[in-house]
Amino acid sequence: MKIEVELAKLVAQAINNLFNYPIEEGLVTFQKTRLEFEGDTTLVVFPFTKVSKKSPEETAKEIGEFLLKNSTSVQKYNVVKGFLNLMYTDAVWIDFFISHYNHHQFGINSIPTGKTIMLEYSSPNTNKPLHLGHIRNNLLGVSVSRLLEANGHKVVKANLINDRGIHICKSMLAWQQWGNGETPELSGMKGDKLVGKYYVEFDKKYKTEVTELMAKGLTKEEAEKKSLLMQQAQEMLRKWEVGDKEVRKTWEMMNEWVYQGFNVTYNLLGVSFDKIYYESNTYLLGKEVVEYGLQKGVLFKKEDGSVWCDLTADGLDQKLLLRSDGTSVYMTQDLGTAIKRFEEYPLLNQLIYTVGNEQDYHFRVLFLILQKLGYQWAKECYHLSYGMVELPEGKMKSREGTVVDADDLIQEMIETARQTSEELGKLDECTEEEKNKLYYTIGLGALKYFILKVDPKKKMLFNPKESIDFNGNTGPFIQYTYARICSILRRAGEPAYNHLLLNIANFTTEEKDLIKCLSLFPEVVKKAAEEYNPGEVANYIYDLAKTYNHFYQTVPILRESDEMLKSIRVEISRFTASVIKNGMYLLGIEVPERM
RNA sequence: GGUCCCGUAGCUCAGCUGGAUAGAGCAACUGCCUUCUAAGCAGUAGGUCACAAGUUCGAAUCUUGUCGGGAUCACCA
């Protein structure tokens with residue numbers, strides 16, 4: 001809150017006056033007061049004892065006295081060892097509450113910064129269905145984009161679909177050979193699943209072929225080279241690159257199946273984009289850049305014609321940018337697309353890539369090369385690197401079938417929500433349609449919260465056997481708290497007695513704790529965006545929900561006979577609901593009015 | 001082997017720009033529904049913050065080393 005800024009100024013003044021030592025107010029920081037002590041904020045005075053030349057207790061006491069005299073916000077203080085605990089006057093909380101309680105966008109929607117940020121996320125391959133790892137990526141993308149918007153930035157949500165390459169040819173080939181004309185319509189299989197099936201099919205047949213060849217005495221490498229299937233796939237890729245009509249037709253058809261499948265999953269997850277890039281359109285980009293880099297002397301050519309960037313001076317290796325046959329590699333494309341994006345969006349201030357931490361090295365190299373090429377905006381490129389989602393057995397591997405399918409998991413969550421709701425049996429008044437919507441809201445709330453509450457940088461573990469909880473620090477817990485408040489508000493009716501609020505004399509500790517918690521929301525939104533960490537918001541809302549539930553269980557709200565107290569508590573509840581809703585929105589989680 | 005990341009309660013995670021007796025949830029155990037939704041609340045138990053040195057008034061947090069786990073370093077994408 002603003003009040004701490006003022007207090008910091010006063011503390012600096014106090015140190016100047018009392019100990020005759022000038023100090024930057026920015027160096028004065030407050031920390032949370034521990035629960036077991038009385039106070040609203042705490043100043044650690046150890047750092048000032050050098051200047052005061054007095055004991056920590058004495059120093060704290062003198063500063064405390066100074067603040068008491070010179071600040072209208074400080075009601076009293078206490079000193080424990082070197083800790084100065086300050087307690088605000090009720091007026092501080094009353095002012096805060098009155099000026100914000102009916103502000104529906106509290107914490108969100110600050111003044112536009114004028115900054116435009118492109119956030120890339122999702123970026124799937126079209127040869128396999130989405131799994132839990134992609135879910136984390138997509139949820140992070142949605143949440144971070146909302147966090148950035150909530151801080152006043154303009155966000156362009158971008159998806160770069162890897163729709164070409166040898167892997168897609170494998171699916172196509174398998175489908176041609178063994179598919180018997182199967183289509184999503186004919187078999188009723190989701191398009192991405194169908195294409196994924198043939199990708200696996202190829203891999204299986206290919207492995208058999210290699211094994212057979214090896215049985216005839218070939219080494220593994222020889223067998224892989226000799227494999228008829230692989231040769232056919234490569235031939236198909238070659239045809240694709242020269243624009244062979246038949247191949248392109250099949251390719252377009254199968255990709256279309258995949259997109260339809262992806263869209264179903266995206267819709268379930270609530271994921272959307274402003275701009276979709278296809279690698280088939282961008283994979284040739286970057287070659288001119290290589291030419292430019294050679295001229296500039298940033299890149300060099302080896303005898304065989306391949307082009308490299310020497311990064312050994314930066315502690316990295318040499319990086320290939322063009323093969324000896326003149327074809328480009330992934331890095332070349334990424335250089336090209338980055339440049340293209342800044343050309344397309346001249347006002348772009350930042351480019352963020354949401355990509356797993358297995359590609360940390362790739363992005364270090366990418367940004368470094370861009371910098372060497374002289375692009376000023378290179379320093380505005382950021383790799384939002386997130387940890388892998390692991391299973392108890394370790395990393396998920398599509399080839400080995402140890403993946404948690406996105407659609408399956410979503411359906412499971414919805415089903416669990418249905419079962420739990422039916423067991424509790426509180427939804428008798430709802431129509432079937434409302435119930436189904438609710439199961440979806442709760443199921444996805446559980447899934448999204450489970451994933452977003454952990455720090456993106458860290459790897460996380462998902463145990464399919466234990467699945468995802470609905471009690472405790474979970475999405476449904478927070479949704480439940482919200483629904484509970486809604487119930488109260490429904491009964492309370494219109495807030496016709498708002499004028500009464502102006503007469504608030506003081507708050508009970510429960511009320512004060514809740515208001516204190518509410519006041520933190522804007523800072524949380526700011527910090528979460530700065531750190532690209534939705535987990536900050538998740539942890540905060542959990543804390544808020546917990547604080548509210550305590551309040552709810554401890555003090556009477558509608559049962560309160562004093563009309564003024566009642567209206568205050570109703571309005572505090574309304575305010576809490578609003579912050580929960582806004583916070584959950586930042587996580588991409590919906591919130592139900594009853595459950 | 002080089003580079004980078006990670007080791008906090010039985011399990012999953014907070015806390016990490018150094019600050020008080022390291023916090024939650026799950027699982028276990030106790031209480032609380034005739035009163036605003038018990039997907040809740042209150043409580044008990046559970047820790048050598050991997051280990052060892054160092055920096056200092058103070059270290060889970062910073063430095064170094066050791067051990068353990070992971071990622072990455074392709075004319076793959």
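Excluded from the calculations below are hydrogen atoms, water molecules and symmetry mates; all remaining heavy atoms, backbone and side chain alike, are included. Order of the sequence lines sets the chain letters (A, B, ...), proteins ahead of strands, with each chain counted from 1. Please read these numbers as outputs of a predicted model, since none were measured by experiment.
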Can you tell me the base-pairing partner of [N]? Count Watson-Crick or G-U wobble geometry only, both distances below 3.5 Å, and say none if there is no partner.
N: B/C26; value: B/G10
N: B/G46; value: none
N: B/A38; value: none

Say you pick atom [atom1] in [N] and the same atom in [M]; how far apart are they, in whole Å?
N: B/A22; M: B/A45; atom1: P; result: 14 Å
N: B/G25; M: B/C41; atom1: C1'; result: 15 Å
N: B/C6; M: B/U17; atom1: P; result: 13 Å

Under 4.0 Å, heavy atoms only, any strand: does [X] hit a base, just the sugar-phosphate, or nothing?
X: A/Asn463; answer: nothing
X: A/Asn85; answer: base
X: A/Met460; answer: sugar-phosphate
X: A/Val555; answer: base
X: A/Gln31; answer: base
X: A/Tyr361; answer: sugar-phosphate
X: A/Asp317; answer: sugar-phosphate
X: A/Pro56; answer: nothing
X: A/Ser421; answer: base
X: A/Arg491; answer: sugar-phosphate
X: A/Arg594; answer: base
X: A/Tyr330; answer: base
X: A/Leu461; answer: sugar-phosphate
X: A/Thr42; answer: base

Relative to its sugar, using the 90° cut-off around 0, the base of B/C49 is anti
For A/Phe83 and B/A20, do the ring centres fall under 5.5 Å apart while the planes stay under 30° apart? yes
Would you say the base of B/A20 stacks on A/Phe37 (centre-to-centre below 5.5 Å, plane angle below 30°)? yes
Nearest to the side chain of [X], which nucleotide is it out of [options]?
X: A/Arg364; options: B/A20, B/U3, B/G40; answer: B/U3
X: A/Lys81; options: B/A14, B/A77, B/U21; answer: B/U21
X: A/Ser487; options: B/U37, B/A71, B/A77; answer: B/U37
X: A/Tyr542; options: B/A24, B/C41, B/A77; answer: B/A24
X: A/His550; options: B/C26, B/C41, B/U35; answer: B/C41
X: A/Leu558; options: B/C36, B/A24, B/A77; answer: B/C36
X: A/Glu390; options: B/U3, B/C36, B/G70; answer: B/G70
X: A/Tyr552; options: B/A77, B/G23, B/U37; answer: B/U37
X: A/Val44; options: B/A77, B/G19, B/C36; answer: B/G19

Per nearest nucleotide of RNA chain B, the residue lying toward the 5' end, A/Ser328 or A/Leu424, is A/Leu424
Sole residue of A/Trp240, A/Tyr278, A/Tyr330 in ring-ring contact (aromatic ring centres under 6.0 Å, His included) with A/Tyr283: A/Trp240
State which residue, out of A/Tyr77, A/Phe37, A/Phe46, fulfils the ring-ring contact (aromatic ring centres under 6.0 Å, His included) condition with A/Phe83. A/Phe46
Please test A/Leu132 against A/Val403 for side-chain contact (heavy atoms from CB on, under 4.5 Å), starting from the C-alpha separation and ending with a verdict. CA-CA 7 Å; A/Leu132 186 49; A/Val403 291; over 6 Å; no
Quick one: are the ring centres of A/Tyr353 and A/Phe363 less than 6.0 Å apart? yes
Contacting residues from residues 438-458 of chain A, given that a heavy atom lies under 4.0 angstrom of RNA chain B: A/Ile442, A/Val454, A/Asp455, A/Lys458
In Å and rounded to the nearest 0.5 Å, what is the CD1 to CG distance from A/Ile541 to A/Leu586? 7.0 Å
Honestly, is A/Arg484 close enough over A/Tyr552, meaning NZ or CZ under 6.0 Å from the six-membered ring centre and within 45° of the axis? yes
State, to 0.1 Å, how close A/Leu322 and A/Gly326 come at their nearest heavy-atom pair, and which atoms those are. CD2-O, 3.6 Å
On a heavy-atom basis, the closest approach of A/Trp308 and A/Leu320 is CE3-N, 3.4 Å
Say whether, by atom type as modelled, one donor and one acceptor occur between the side chain of A/Thr332 and the main chain of A/Leu321 under 3.5 angstrom. yes
Please check if the side chain of A/Lys453 supplies one atom and the backbone of A/Asn473 the other of a donor-acceptor pair under 3.5 Å. yes
Figure out the OH/P separation between A/Tyr548 and B/C36, and round it to whole Å. 13 Å
